[in-house]
Amino acid sequence: MPKAEENKLVAKANRTFEESLKEAGIKGAVAVIADGVEMDIRDTPTADVKIQPVFTETTEGLKVLRHSAAHLLAEAVLELYPDARPNAGPPTEDGFYYDIDMKPVNQEELEQIEGRMKALAAKNLRIEKHRLSKKDLLERFSHNPYKIDKIMDNVEDNGYSTVYSQGEFVDFCKGPHVPSTGFLRSIKLLTVASTHYKADENRPMLVRIYGTAFPDDKSLKEFLHNREEAMKRDHRKIGQEMDLLVFNSEWAPGFPFYTPNGFTLKQELTNFMRSLNTLHGWQEVATPHIFKDLIWKQSGHYAKYKPNMFLFTLPDGDNYGVKPMNCPGHVAIFAREPKSYKELPVKYSEPGTVYRYEKSGEMGGLTRPRMFTVDDGHAFLRLDQIISEIKDIISMIKETYSTILGEPSLTFDLSVIDKEAPENYLITYRCRDCGTEAEARKTSMAEELSCPNCSSRNLEPDFTTWDQATDQLRQALDEEEISYTENPGEAAFYGPKIDVHVRDALGRSWQLSTIQVDFFMPTNFGLYYINSESKHDRVIMLHRAIFGSYERFMAILIENYAGKFPTWMSPIQVYVVPVSEKFQDYAKNVHEELLRNEIRSTFDNSQETMNKKIKTIRPRRPSYIVVVGEKEEESGTVSVRNRSNKQNVLKLDEFIASLKSEIKGRVIDQTI
RNA sequence: GCCACUGUAGCUCAGCAGGUAGAGCAGCUGAUUCGUAAUCAGCAGGUCGGGGGUUCAAAUCCCUCCAGUGGCUCCA
C-alpha cells in the first residue's frame, strides 16, 4: 500500500481544499494533508498552505475510508435499532470496528445491517462537519453515556469540538472523513464479538462489530479471498489434516496430545535448539514438574501466579504445585554449590514443559494451551556480563528465525514496567518512617506490605533496579541495531523484557522469543557468587526463550508453511508407492533403504490403487512422493514427485544423497 | 472469568414447522494388479456434547452444566 505522495500543490486561503483541488484538476481525494495534519477536503485554510491530496488507495486514505465506514455502520445500526448506544469506532489494520451498547446480533442481523449500510452508501449522503461548544455537545449526546464520557475527557470546559453528520446520523468525532457516503460502497461486515467498555472487565459489555472497507469491489474481493485462504492455513485445521496432534476436550481440555507425526516435528525443533544451545554455551538440564509450594512462595510466583497454577494437597497435608515456569528448578541446580566469579556465566537450558491454568475463554489451539514446552534458558551472570549475553541471545534469535522460517516479519518490543501499577511487579520498597533502606521485594497489593524493620506501611517503591535492567536491554538492542517499540506495562512481574512478536495466519500477533533481566529472583533465593576479593556478590539472572513455546512456535510454523515444511522437519519426508502390488518388494526395498539412511519414509503396502494412495496422502503433506514400478525396478531408480508436482527419475542412491544433503543443510526450499 | 455463536459417525456435513437419524470420505470384507489427485461391490459404524424439563412423542422447544470458536481481560 503506497503512502500519500509529496505534492507541491498549494491551497489558497479562504477557499475550501475541495475548490483548490478541483482547480488543479485533482479528483477523488477523500482528505488532504496540510502541514502534516490530515484535514477534510471541505475545510478552509486561513492562509495559503502546501497540501497533499489523500486518496483511498493509500494507507492514510484507506484509514479515512474505514473510519467513515465505521460511522456508516453506526448509522445503519441506529436506524435498525434506535435504542443502540454507539461507543467508539476506529479503523484497524485491515478494516474497522464499532463498539456499540446494544443487544447481541446474530449472523442474519449482521447481514441486515450490512444491507442497510449499502443502501445508505447508495444514497451518497453528504458527510458534513459541525463545530459545537462543549455544552451543545453534551446536550446533543445526552442520551449516550459513552459519548458523554468522551466529550468530558476530550473537550475543555469552554472549548469546542466537532461532530460529523450524514443524513440523520451525528457522531462526535475529530475526523477527517470522506466527503460523502458514496465512497463507502465496497464494504463487508465480518464478525461480531464483544468487549468490555474501556477494556475493564467490571464495566458493561458492548457488542463489537468488525468489518472492512475498500476503495473498490475488486480489492474487497481480493481481501476476502485472501482471508479465506488464510483461514485454510489455520494450524488447528492443518494440524488435523497432517495428524500432528489432537486435543481431548473431555479428558484434558487445553492440553495437546502429540501424535507420532507431531512429535517428530517437535523433536526436530528440539534437536535444532539443542545444538544451537550447545554452540552458545547453554548446558541442558532437566528439572521436576512438581514442587512443594514453599519454592513458589520464595520465588515470588505465588504472589502473582497462584490463580494460574495447578495446585494440590496430598493426604499428609503437604501442598504442591505443578510448575508454571522453569526458573526455580534451574535456580535449585545453580544453588547446589558456591560459584566463583571465574565460573560465571552459568547457563542452563531445558525444553521445560510447564502447566498454567488458563481461564477457559483464553485457550485456543496451540497458541494458548494449558501445557506447553518452553525452550527455556536461565543465565546466572555477573553485572558486567549482561549486555554481551543479551546480544548473544539476540544472535541466537536471528539465526533461529532465518534458518527455520526464512525471512519472517518480526517485531521487537521492549516491555517495561508500568510505574502506575507497582502491584503487578516485584519491586524494592524503601521505608519512609524508620529510614531503613528496607531491603527489597515481594509483591501482592501495596497496602499489605509493611516494613520488615518497623512494620510501617509507609513504603516507597524504588525503581532503581528496574531502570538499570531496562537500560541494559535498551543498550543491547541499540548496539544490535534493532528497531523496537517500548510497551509500558508489558514487563514480566520480575523484570523488563525484550519480546519478539510474529503474526499468525489471521493476523493476530503472538509473542514468541523473550529475553528478561531479573534482579529479584536471585535475591529471593539468596543467590551469590564469590568475587575476586572472596566476598559474596549479587548474581543477575537472565530468563530467555527463543521459540518461546514449542507449541506456539509450531502453530506459527504450520501457518507459515501451510504445513509444507522444509524437508528436515517434515514428519513424512518420503512416501513410497508401488505402481501395483507386483512391485511391492522393490518399493519395500526402497523404503527400507531410506530408513537405513535415517530418512523418514512411509510405505503403504495395502492393495489400494496408486492413484488413491497419492490422493489420500496429500493432506499429510509428505515432502516427496516416490512412485516405483517396472521401469524403476529394472534400472534401480525412483520416480520422485516434489511439492510442485514436478517428476524426476533418479538413481536411488542419488536420490538418497540429495535428500540427505537437503536435510542436513536444513534447506528451506526443495532441491529435488 | 465475561459476551456472542457453535456442538449430529473417526473426518466434512445434511436432517431442526417436534413423530424417534442420513450422505460422502475414512474403516472392515471381497473382487480388481493398476504409471502419478478417488477401481468396483458389500458390510459395519451414532447415549444426536452431558444432565434436567415441557410433551403421547425431543437431535429438533426450554433450563442448566461441559467443551470448541470469535472477541475482551490475562499471557509464552
Side-chain angles (χ1 to χ4, degrees), chain A residues 97 99 103-107 110 190-210 234 236-237 240-241 243 246-254 304-305 307-308 324-326 354 356-369 372-376 415 424 490 492-493 497 499-502 506 508 510-514 516 543-553 555-556 575 577-584 606-619 625-632 639-641 645-647 649:
Chain A
Y97 65 81
D99 289 345
K103 258 183 46 199
V105 292
N106 59 30
Q107 193 56 40
L110 194 67
L190 299 170
T191 51
V192 183
S194 72
T195 177
H196 291 96
Y197 181 46
K198 291 194 170 173
D200 179 346
E201 60 181 332
N202 300 311
R203 297 194 197 237
M205 296 297 306
L206 306 175
V207 175
R208 174 174 291 183
I209 300 177
Y210 282 93
D234 189 314
R236 287 164 297 203
K237 191 173 159 58
Q240 187 182 60
E241 287 169 3
D243 193 26
V246 289
F247 282 91
N248 186 312
S249 57
E250 250 172 78
W251 292 345
K304 177 157 169 78
Y305 236 85
N308 291 307
M325 292 187 187
N326 297 302
V354 296
R356 297 184 188 175
Y357 179 75
E358 302 289 354
K359 290 187 275 178
S360 58
E362 290 165 347
M363 294 187 299
L366 284 180
T367 44
R368 199 76 189 274
F372 57 93
T373 303
V374 183
D375 63 315
D376 221 339
S415 300
N424 288 331
E490 297 292 311
F493 73 89
K497 51 180 187 163
D499 294 322
V500 175
H501 285 88
V502 179
L506 295 177
R508 291 175 294 206
W510 295 98
Q511 182 188 320
L512 298 178
S513 315
T514 182
Q516 310 173 354
H543 309 240
R544 56 110 260 220
I546 293 159
F547 289 143
S549 93
Y550 280 85
E551 285 71 14
R552 186 176 284 181
F553 190 84
I556 297 291
Y575 182 73
V577 198
V579 166
S580 78
E581 216 177 340
K582 278 189 216 158
F583 311 104
Q584 282 239 32
S606 72
Q607 295 178 39
E608 286 303 340
T609 62
M610 173 190 61
N611 280 334
K612 182 146 177 194
K613 284 180 181 175
I614 291 171
K615 172 83 182 174
T616 317
I617 201 68
R618 203 173 97 91
I625 295 174
V626 157
V627 175
V628 292
E630 194 175 354
K631 283 181 284 183
E632 288 78 11
S639 168
V640 182
R641 169 175 167 164
N645 296 322
K646 288 246 165 60
Q647 290 171 36
V649 176

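In what follows, chains are A, B, ... by sequence order, proteins preceding strands, each numbered from 1.
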Is the shortest side-chain heavy-atom distance between [X] and [Y] below 4.5 Å?
| X | Y | value |
| --- | --- | --- |
| A:Glu490 | A:Gln511 | no |
| A:His196 | A:Met205 | yes |
| A:Val649 | A:Lys631 | no |

For a quick check of understanding: with a heavy-atom distance under 4.0 Å over all strands, which category does [X] fall into, base, sugar-phosphate or nothing?
| X | value |
| --- | --- |
| A:Phe547 | nothing |
| A:Ser249 | sugar-phosphate |
| A:Pro369 | base |
| A:Val627 | base |
| A:Lys497 | sugar-phosphate |
| A:Glu632 | base |

Can you tell me how far [atom2] of [Y] sits from [atom1] of [X], rounded to the nearest 0.5 angstrom?
| X | Y | atom1 | atom2 | answer |
| --- | --- | --- | --- | --- |
| A:Tyr575 | A:Lys613 | OH | NZ | 6.0 Å |
| A:Ile625 | A:Asn645 | CD1 | CG | 8.0 Å |
| A:Tyr357 | A:Lys359 | OH | NZ | 9.5 Å |
| A:Thr367 | A:Glu362 | OG1 | CD | 12.0 Å |
| A:Leu366 | A:Arg552 | CG | CZ | 10.5 Å |
| A:Asp99 | A:Leu206 | CG | CG | 5.5 Å |

Distance between the [atom1] atoms of [N] and [M], in whole angstroms?
| N | M | atom1 | answer |
| --- | --- | --- | --- |
| B:A9 | B:G27 | C1' | 11 Å |
| B:G46 | B:A21 | P | 13 Å |
| B:G71 | B:C62 | P | 27 Å |
| B:A57 | B:A17 | C1' | 16 Å |
| B:U60 | B:G7 | P | 11 Å |
| B:G42 | B:U69 | P | 39 Å |
| B:C48 | B:C61 | P | 15 Å |
| B:C11 | B:C2 | C1' | 33 Å |

In whole angstroms, how far is the [atom2] atom of [N] from the [atom1] atom of [X]?
| X | N | atom1 | atom2 | result |
| --- | --- | --- | --- | --- |
| A:Lys613 | B:G35 | NZ | P | 14 Å |
| A:Phe583 | B:G35 | CZ | P | 10 Å |
| A:Asp99 | B:C3 | CG | P | 16 Å |
| A:Asp234 | B:U12 | CG | P | 12 Å |
| A:His196 | B:C2 | NE2 | P | 9 Å |
| A:Met363 | B:A67 | CE | P | 7 Å |
| A:Glu358 | B:U69 | CD | C1' | 17 Å |
| A:Lys237 | B:U12 | NZ | C1' | 9 Å |

Quiz question: by atom type and distance under 3.5 Å, do the side chains of A:Ser606 and A:Glu608 form a donor-acceptor pair?
no

Which nucleotide, if any, forms a Watson-Crick or G-U wobble pair with [N], using both distances under 3.5 Å?
| N | result |
| --- | --- |
| B:G7 | B:C66 |
| B:U32 | none |
| B:A14 | none |
| B:C56 | B:G19 |
| B:U47 | none |
| B:A38 | none |
| B:C72 | B:G1 |

Give the nucleotide from the list [options] with an atom nearest to the side chain of [X].
| X | options | value |
| --- | --- | --- |
| A:Arg208 | B:U36, B:C75, B:G71 | B:G71 |
| A:Ser580 | B:C34, B:U36, B:G1 | B:C34 |
| A:Arg368 | B:A76, B:C3, B:A67 | B:A76 |
| A:Glu581 | B:G71, B:U33, B:G1 | B:U33 |
| A:Gln240 | B:A76, B:U12, B:C2 | B:U12 |
| A:Val579 | B:G68, B:G35, B:C72 | B:G35 |

OP1 or OP2 of [N] less than 4.0 angstrom from a side-chain nitrogen or oxygen of [X], does that happen here?
| X | N | value |
| --- | --- | --- |
| A:Arg508 | B:G71 | yes |
| A:Ser194 | B:G71 | no |
| A:Arg236 | B:G70 | yes |
| A:Lys582 | B:C34 | yes |

With sugar-phosphate taken as primed atoms, P, OP1 and OP2 and all else as base, the protein-contact string of nucleotides 38-48 of chain B at under 4.0 Å (heavy atoms; B, S, -) is BB---------

Nearest-nucleotide 5' precedence on RNA chain B, A:Leu512 against A:Val640
A:Val640

Where each residue is assigned the nucleotide of RNA chain B containing its nearest heavy atom, which of A:Thr616 and A:Val626 is assigned the position nearer the 5′ end?
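The residue mapped nearer the 5' terminus is A:Thr616.
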
Under 5.5 Å between ring centres and under 30° between planes: does that hold for A:Trp510 against the base of B:A76?
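Aromatic stack with B:A76 absent for A:Trp510.
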
Quiz question: going by heavy-atom distance under 3.5 Å, is there a donor-acceptor pair between the base of B:A76 and the side chain of A:Gln516?
no

Qualifying residues under side-chain hydrogen bond (donor to acceptor under 3.5 Å, both in side chains), relative to A:Glu632, sequence neighbours excluded:
none

